[in-house]
Amino acid sequence: MNEKPVDKIAGIIYQHIIENYEKDISIIWNKPPSANLGDVSFPLFSIAKNVGEEVGVIGQSLKPKIENQEIIERVELKGGFLNIFFNRTIFSDKVLKNALKTEKYGKSSEESTRRIIIEHTSSNPNGPLHIGNFRGSVIGDLLSRLYKMSGAAVNVRYYVNDLGRQIAPVVIGYKLLKDNNIEPDSKIDLWIGKIYATMNTLLDIQELKKEIKSKTGNCFVSENLKYEINQNNKEEIEKILSSAELDEKTREYLLKSLKKLFSVQNSLSSKIPKLFGLLRDLTEKKVEDLSSLTQEYIEQYLKGNNKQIVDEYRELTEKALRGHIETLSRFNIFHDDFDRESDIAWSGEVKQILQKLETKQWLRHDGKARLLKNNEIATSLRFKEKYNIKHEIPDLILVNSEGIPLYPCRDIAYHLHKLEKFNANLCINVIGKQQQSLQLGVRLALYALNRSDIADKIIHFDYEYVTLVGRKMAGRELEYVTPDELYSLAREEVYKFLNERDYSEEEKAKIANIVSAASVKISIAKIDPNKAVMFDVKKATDLNENSGPFLLYSFTRAKNIISKAKKANIPIEEIINNLESVEISIIEDEEWNLIKLIEELPMIYKRAINTKRPDTIVNFSFEICKAFNKFYDNCPVISEKNKKIRETRILIVQATIKTLESLFEVLGIESLEKM
RNA sequence: GACCCUGUAGCUCAGUAGGAUAGAGCACCUGCCUCCUAAGCAGGGGGUCGACGGUUCGAAUCCGCCCAGGGUCGCCA
């Protein structure tokens, strides 16, 4: 099908206006609120007003021109709307046969000129993926699949932030455990997450005690129990703080920190008593000063010269990353390449960049600290003009007051060469909204470095974060929901179904894996990225309508009709191979509604890309499946006696299968023959 | 204070290039498995689309102002 029927009609109206009124007007159409008002509808008000003519007159003169089209059944003029009824037979004939003839329905070359880098997930390698960054994975995956379906060349990258300051204590803790032959008691990234929470808590305790000591001058505070606050200790410190000479704000702050840390420590030691106690004892015994050791690790790894420390860091972060990859692969989410922040730091490029910015006077000084003069850059290099920004843009800190370059520096260096890696003409960074100003800063820095050509190709695809119903999120207290956890919860739900069915264990396992992955993935994918999600674990593992399982189930029903039909000696292959000889006969609304939706698929893909709304694909999938289930209930296929009707229905079922196969590919969920 | 996002049914969300009577799912109530898998289908109740103005034939959708929630705005990433 070369042209959508509705576009053809819009073209006729457009031509009519040009010829009779010499006006260039864009023609709008919409779906009528109810089926008895037609299949599509053209409001005539604005057209009439534009050309200075009565609505009725325009309508009457358009009506015959549209009516004489083969694909049109009839046209009704109602209340200023031109309501179009398609000829169901001709329309369906085109749609069904077109869908069945194409190798992959919905595949297009709309975006074939694009070479796109999509960066997503990019989680810190110091613990498991949680539901927050997993949302980015899902969105990024859908986007990349959507672009591929539209003909673009896509390269998916993961930026490994292995230079985070909080990683150092984890490396130290991991090493302590390893040296003492302590084996992980859980999936490796989860294990690392536990070490992360513990070691950073120990470090915080030590540093708080140091701080209190220096502010109060009381040596008692850190004499013993460097990494621990017990009840007596806490009361003692509180006494010291309340009697010390401090300004109120500091006192309050220190008391609050103490209270908070005390509770974090206790919550951790009750959640993971064995590991927490072990790590604390090991640290107490083997580490003289965790704080300064941490600092040393950070500095050494940033420089990259100390082979031992580099190896330790790499081993840990590689393991965590492997855990992420394992998790993602359960949901059919894959990356083509991984870029490490440390590699960029070691390349020496950051220094050059800072020098260039310095020479061009784009840096504001404050002691050793350096800030990017964002607003000045944006104004004088016409960034504001180009992106229609009217407000002031705050400066971005690049180098801290100790002279250490911060994360944005590496990100600038990264983006300077990122696009080259794939010869890309577009770079989409799927990153949480909290990084908005950072991402803006990176693009401004590129402007400042005379690389606006790169900056203009970068899009920050931001998404809102996830909050939890009935649970809090705090990595430091091991409070998070992981995709792995959701996956296994969903699996339990699936097994409740499967245990009532007579499948082999092997079949059950396969079905459970596919259904749980789809269930979790779809529950996240269906929500508008702009919306802060209130995530309900129960909902994500729910198997009812508007869920991944609902999509999969609909597909198995369609497949089942075909396989049963074959058994009933209906020559499916023959019908499909001789498409053109099938005579279409549409008699039910359920058939018609489904066909109209099938026709929309290519447009849905196009619009999802244009509006940057991958979630609309999910909602469209639900619609298709709902329509199919209605068809399923009302329109028997195999038992239908009339040959035309039966064969039409077989085409409808096959076209639905093709549509769903296409959608599943974009959603990255696997299909099942039975479940 | 500035900027970004959000506010639609009891809950979770669709619907916003302006269009006719605002839709799903969950939850609640009522039906449907001698009939292609009931992870389904049919039906019911449930709404001043955050508030107020404006633009116009027409506004959940566009504009303005306000209210509420979340996020960011100089040493974390």
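Residue numbers begin at 1 in each chain, while the letters A, B, ... track the order of the sequences.
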- Grab the CG-P distance between A:Asn30 and B:A22 for me, whole Å please. 15 Å

- Distance only, no hydrogens: is a donor on one side chain within 3.5 Å (strictly under) of an acceptor on the other, for A:Arg491 and A:Asn513? yes

- Message: With a 4.0 Å limit, can you tell me whether A:Lys531 has a side-chain N or O closer than that to the phosphate oxygens OP1/OP2 of B:A14?
- Response: yes

- Side-chain H-bond candidate by donor/acceptor type, A:Gln439 with A:His415, under 3.5 Å: no

- Where the side chain of A:Ile397 is defined as all heavy atoms beyond and including C-beta, which of B:A77, B:C75, B:A39 is the nearest nucleotide? B:C75

- Would you indicate which nucleotide in B:A38, B:G18, B:A24 comes nearest to any side-chain atom of A:Arg557? B:A38

- Item | Residue A:Lys626, side-chain heavy atoms: nucleotide from B:C41, B:C73, B:C76 that is nearest | B:C41

- Any A:Arg607 side-chain nitrogen or oxygen under 4.0 Å from OP1 or OP2 of B:A17: no

- Nucleotide forming a Watson-Crick or wobble pair with B:U72, both distances under 3.5 Å: B:A2

- Measure from the side-chain heavy atoms of A:Asp528 and tell me the nearest of B:C5, B:U16, B:C75. B:U16

- Whole-Å distance between B:C4 P and A:Gln435 CD? 19 Å

- Message: What is the separation between atom CG on A:Leu363 and atom C1' on B:G74, rounded to the nearest whole Å?
- Response: 14 Å

- Query: Paired with B:G53: which nucleotide, if any, by Watson-Crick or G-U wobble criteria at under 3.5 Å for both distances?
  - Reply: B:C63

- Atom-pair distance (CG on A:Asp462; C1' on B:C5), nearest Å: 8 Å

- Query: Is the closest side-chain donor-acceptor distance between A:Ser291 and A:Glu207 under 3.5 Å?
  - Reply: yes

- Message: Other residues, nucleotides and ligands only: do more than 12 of their heavy atoms fall within 6.0 Å of CD on A:Glu392?
- Response: no

- Note on the structure: Paired to B:G25 by Watson-Crick or G-U wobble criteria (both distances under 3.5 Å) is B:C11

- Message: What contact category does A:Ile638 fall into here, base, sugar-phosphate, or nothing, at under 4.0 angstrom with non-hydrogen atoms?
- Response: base

- Interatomic distance at C1', B:A39 relative to B:C62, whole Å: 42 Å

- For A:Ile562, which contact category applies under a 4.0 Å heavy-atom criterion: base, sugar-phosphate, or nothing? nothing

- Query: Say you pick atom C1' in B:C11 and the same atom in B:G46; how far apart are they, in whole Å?
  - Reply: 13 Å

- Could you work out the separation of B:U30 and B:C63 based on their C1' atoms and round it to a whole Å? 47 Å

- Are A:Phe81 and the base of B:A20 stacked, counting only ring centres nearer than 5.5 Å and planes tilted under 30°? yes

- Message: Heavy atoms only, 4.0 Å cut-off, all strands: where does A:Lys49 land among base, sugar-phosphate and nothing?
- Response: sugar-phosphate

- Reckon A:Lys630 touches a base, only the sugar-phosphate, or nothing at all at heavy-atom distances under 4.0 Å? sugar-phosphate

- Which comes earlier along RNA chain B counting from the 5' end, the contact point of A:Glu402 or that of A:Phe535, where each point is its nearest nucleotide? A:Phe535

- For B:U55 versus B:G47, give the span between their C1' atoms, rounded off to a whole number of Å. 26 Å

- Query: Between A:Asn83 (CG) and B:G19 (P), how many Å, whole number?
  - Reply: 15 Å

- Are side-chain heavy atoms of A:Arg157 and A:Asp339 found at a separation under 4.5 Å? yes

- Could you measure between the two C1' atoms, the one in B:C66 and the one in B:U12, and give it in whole Å? 28 Å

- Would you classify A:Phe622 as touching base, sugar-phosphate or nothing, given that sugar-phosphate means primed atoms plus P, OP1 and OP2, and contacts are heavy atoms under 4.0 Å? nothing

- Polar pair under 3.5 Å, donor/acceptor by atom type, side chain A:Thr616, base B:A14: no

- Item | Closest listed nucleotide, where the reference is the side chain of A:Arg613 and the choices are B:G19, B:C76, B:A14 | B:A14

- Task: Check the distance between B:C41's P and A:Asn544's CG and give it to me in whole angstrom.
- Result: 10 Å

- Query: A:Phe45 and A:Phe81: ring-ring contact (aromatic ring centres under 6.0 Å, His included), yes or no, with the steps?
  - Reply: CA-CA 8 Å; A:Phe45 310 98; A:Phe81 293 90; 5.4 Å; yes

- Message: What's A:Cys625 touching, base or sugar-phosphate or nothing? Going by heavy atoms closer than 4.0 Å.
- Response: nothing

- Closest listed nucleotide, where the reference is the side chain of A:Met534 and the choices are B:C5, B:U12, B:G15: B:U12

- Query: For A:Phe45 and B:G19, do the ring centres fall under 5.5 Å apart while the planes stay under 30° apart?
  - Reply: yes

- Picking from B:C26, B:A77, B:A20, the nucleotide nearest the side-chain atoms of A:Asp542 would be B:C26

- Rounded C1' spacing from B:G45 to B:G10 in Å: 12 Å

- Separation of B:C57 C1' from A:Asn50 CG (nearest whole Å): 14 Å

- Query: Hey, does A:Asp366 reach any base, or is it just sugar-phosphate, or nothing, if we go heavy atoms under 4.0 Å?
  - Reply: base

- Message: With a 3.5 Å cut-off and heavy atoms only, can you find an N or O donor on one side and an acceptor on the other between the side chain of A:Lys433 and the base of B:C4?
- Response: yes

- A:Asp204 CG to B:C76 P, in whole Å, measures 13 Å

- Please work out if A:Gly79 contacts a base, only the sugar-phosphate, or nothing of the nucleic acid, heavy-atom cut-off 4.0 Å. nothing

- Answer syn or anti for B:C33, where the cut-off is 90° from 0 on the glycosidic torsion. syn

- Query: Looking at the side chain of A:Asn546, which of B:C5, B:C75, B:G25 is the nearest nucleotide?
  - Reply: B:G25

- With heavy atoms under 4.0 Å as the rule, sort A:Asp536 into base, sugar-phosphate or nothing. nothing

- Query: Stacking here means centres under 5.5 Å and planes under 30°; does A:Phe497 stack on B:A39?
  - Reply: yes

- Message: Of the listed nucleotides (B:A14, B:U21, B:U12), which one gets closest to any side-chain atom of A:Ser34?
- Response: B:U21

- Query: If the C1' atom of B:U21 is compared with that of B:C49, how far apart are they to the nearest Å?
  - Reply: 15 Å

- Message: Is it true that A:Asp542 and A:Asn544 share a donor-acceptor pair across their side chains at a distance under 3.5 Å?
- Response: yes

Report all side-chain donor-acceptor pairs from residues 625-633 of chain A shorter than 3.5 Å, counting only partners two or more places apart or in another chain.
unit_1, atom_1, unit_2, atom_2, d
A:Asn629, OD1, A:Arg557, NH1, 2.7
A:Asn629, ND2, A:Ser554, OG, 3.2
A:Asn629, ND2, A:Cys625, O, 3.0

- Can you tell me the Watson-Crick or wobble partner of B:A20, both distances under 3.5 angstrom? none

- Query: From the list B:A39, B:A14, B:A77, which nucleotide is the closest neighbour of the side chain of A:Leu543?
  - Reply: B:A39

- Message: Which label fits A:Phe555 and A:Phe664: parallel for a plane angle under 30°, tilted from 30 to 60°, or perpendicular past 60°?
- Response: tilted

- Rounded to whole angstrom, note down the P distance from B:G31 over to B:G69. 45 Å

- Evaluate the criterion side-chain hydrogen bond (donor to acceptor under 3.5 Å, both in side chains) for residue pair A:Asn569 and A:Lys567; output intermediate values, then yes/no. CA-CA 5 Å; A:Asn569 292 321; A:Lys567 279 180 196 155; over 6 Å; no

- Query: Touch check for A:Pro636, heavy atoms < 4.0 angstrom, all strands: base, sugar-phosphate only, or nothing?
  - Reply: base

